[in-house]
2 protein chains.
Amino acid sequence: MDNTPDHCRVATTMEMIIGKWKIAIMLNLIHYGTMRFSELRHVMPGVTQKVLTSQLRDLEQEGIVKRVVYPQVPPKVEYSMTEYGMSLQTILEMMHEWGKAHLQRKTQMLFSKDTDNQNDKNN
Amino acid sequence: MDNTPDHCRVATTMEMIIGKWKIAIMLNLIHYGTMRFSELRHVMPGVTQKVLTSQLRDLEQEGIVKRVVYPQVPPKVEYSMTEYGMSLQTILEMMHEWGKAHLQRKTQMLFSKDTDNQNDKNN
DNA sequence: CGGGATCCCAACCGATACTG
DNA sequence: CAGTATCGGTTGGGATCCCG
């Protein structure tokens, strides 16, 4: 009863996950808890304000991230995962682990151009 | 010791997973096993040959998908998950489940514009 | 049957400048 | 501090045609 090609529909659903920085944002929010905008920027060098803002808006609209604005003179905005967003925690952490392993794998493959003559100095 | 912002690096790693159809491809290959090119197209209406081919090439290059060409007059090419690719199975299936739930959630939210006064004509 | 070659558009992403 | 506005580059994805 699950043989119907709804795999495609699900992939479509996961479009909200894609977006170059969304995964990183969620991982950081899960890891650090509530974070200010500048803190997010700090742990994610390489992302611009505009992009970070838009990605946060997307996640907010999906109900995954909560945005709290403190109306004070130096603006202060805090982001955190919603209850619903936390339902992604396991998946995200598994992706994190897999991604790390995958990086290592790719790095190792760079050092094994010739296969077996280096047995003690493969970095 | 894991406080360093490698969350970003991992997100970068997951770039190979993103791509509008890669998740669907992998889910189908896991679900159905070995599949021919045309079979993949069949279970994924909406994807063109070019895109499907390129996404398969990406996955193949990452060592996630195996491509076997049978040199015969009507060409025959079979795709399947590699051993390494199967290490993603749990993640992919969790994404599948979450995606389905997320779709339902969004659908339900469309029917709850006003919360409780419409019980027979909610369109 | 499987897919390469081309053209093209839309979306995403980045840099910079400006604002409450 | 936390954005918005604008412009522009790059890329992914789609349509169509053609080939072994």
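Chain letters run A, B, ... following the sequence lines, proteins first, then strands; residues in each count from 1.
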Can you name the residues that form a side-chain hydrogen bond (donor to acceptor under 3.5 Å, both in side chains) with B/Glu39, not counting sequence neighbours? none
Under a single-linkage definition using a 4.5 Å side-chain heavy-atom cutoff for Ile, Leu, Val, Met, Phe, Trp and Tyr, are A/Val69 and A/Tyr79 assigned to the same hydrophobic cluster? yes
Among residues at least two apart in sequence or on other chains, which ones pass side chain to side chain contact (heavy atoms under 4.5 Å, CB included) with B/Met94? A/Thr90, A/Ile91, A/Met94, B/Thr90
I want to confirm an ordering. Mapping B/Phe37 and A/Val47 to their closest nucleotides on DNA chain C, which one lands closer to the 5' end? B/Phe37
Look for any protein N or O under 3.5 Å of an N or O in nucleotides 17-20 of chain C and output each such pair with its distance, or none.
none

Within this structure, what is the CG-to-P distance between B/Leu52 and C/dG2, rounded to whole angstrom? 10 Å
What integer distance in Å separates A/Lys50:NZ from C/dC13:C1'? 6 Å
Over all strands shown, is B/Tyr70 touching base, sugar-phosphate only, or nothing at heavy-atom distances under 4.0 angstrom? nothing
How close or far is atom P of C/dG4 from atom CD of B/Glu60, stated in whole angstroms? 10 Å
In whole Å, I'd like the distance from the CG atom of B/Leu40 to the P atom of C/dC1. 15 Å
Counting any heavy atom closer than 4.0 Å, what does B/Arg67 reach on the DNA or RNA strands: base, sugar-phosphate only, or nothing? sugar-phosphate
Gap between atoms CE and P, on B/Met35 and C/dC1 respectively (whole Å): 15 Å
Give the rounded distance in Å between these two atoms: CH2 of A/Trp21 and P of C/dC12. 16 Å
What range of DNA chain D does chain A touch, first nucleotide to last, counting atoms under 4.0 Å from its heavy atoms? D/dC1 to D/dC7
Verify salt bridge (charged side-chain N to carboxylate O under 4.0 Å, His left out) between A/Glu62 and B/Lys106, making sure each step is shown before the conclusion. CA-CA 9 Å; A/Glu62 296 292 339; B/Lys106 292 184 73 170; 3.7 Å; yes
Which is true for B/Arg41 with a 4.0 Å heavy-atom rule: it touches a base, it touches only sugar-phosphate, or it touches nothing? nothing
Could you pull out the closest heavy-atom pair between A/Val65 and A/Thr82, with the gap in Å? C-CG2, 3.6 Å
Report for the helix from C/dC1-D/dG20 to C/dG20-D/dC1: angle between first-end and last-end helix axes, five pairs each, rounded to 10 degrees. 50°
If the condition is side chain to side chain contact (heavy atoms under 4.5 Å, CB included), which residues does A/Thr34 pass it with, not counting sequence neighbours? A/Glu78, A/Ser80
Are B/Arg36 and C/dC1 close enough that a side-chain N or O sits under 4.0 Å from OP1 or OP2? no
In whole angstroms, the gap separating C1' of C/dC12 from CZ of A/Arg57 amounts to 17 Å
Quick one: side chain to side chain contact (heavy atoms under 4.5 Å, CB included) partners of B/Gln72, sequence neighbours excluded? B/Tyr70, B/Lys76
Contacts of type side chain to side chain contact (heavy atoms under 4.5 Å, CB included), residue B/Ser38, not counting sequence neighbours: B/Arg36
NA contact type, A/Gln55, heavy-atom cut-off 4.0 Å: base, sugar-phosphate, or nothing? sugar-phosphate
For B/Ser87, check side-chain hydrogen bond (donor to acceptor under 3.5 Å, both in side chains) against everything at least two apart and list the hits. A/Trp98
Describe the nucleic acid contact of B/Glu78 in one word from base, sugar-phosphate, nothing, applying a heavy-atom distance below 4.0 Å. nothing
Can you list everything that forms a side-chain hydrogen bond (donor to acceptor under 3.5 Å, both in side chains) with B/Arg41? Sequence neighbours excluded, please. none
Mind checking what makes side-chain hydrogen bond (donor to acceptor under 3.5 Å, both in side chains) contact with B/Arg105, not counting sequence neighbours? none
Within residues 44-55 of chain B or reaching into it, pairs that qualify as side chain to side chain donor-acceptor pair (under 3.5 Å) - sequence neighbours excluded: none
Rounded to the Å, how far apart are B/Leu56 CG and C/dG4 C1'? 14 Å
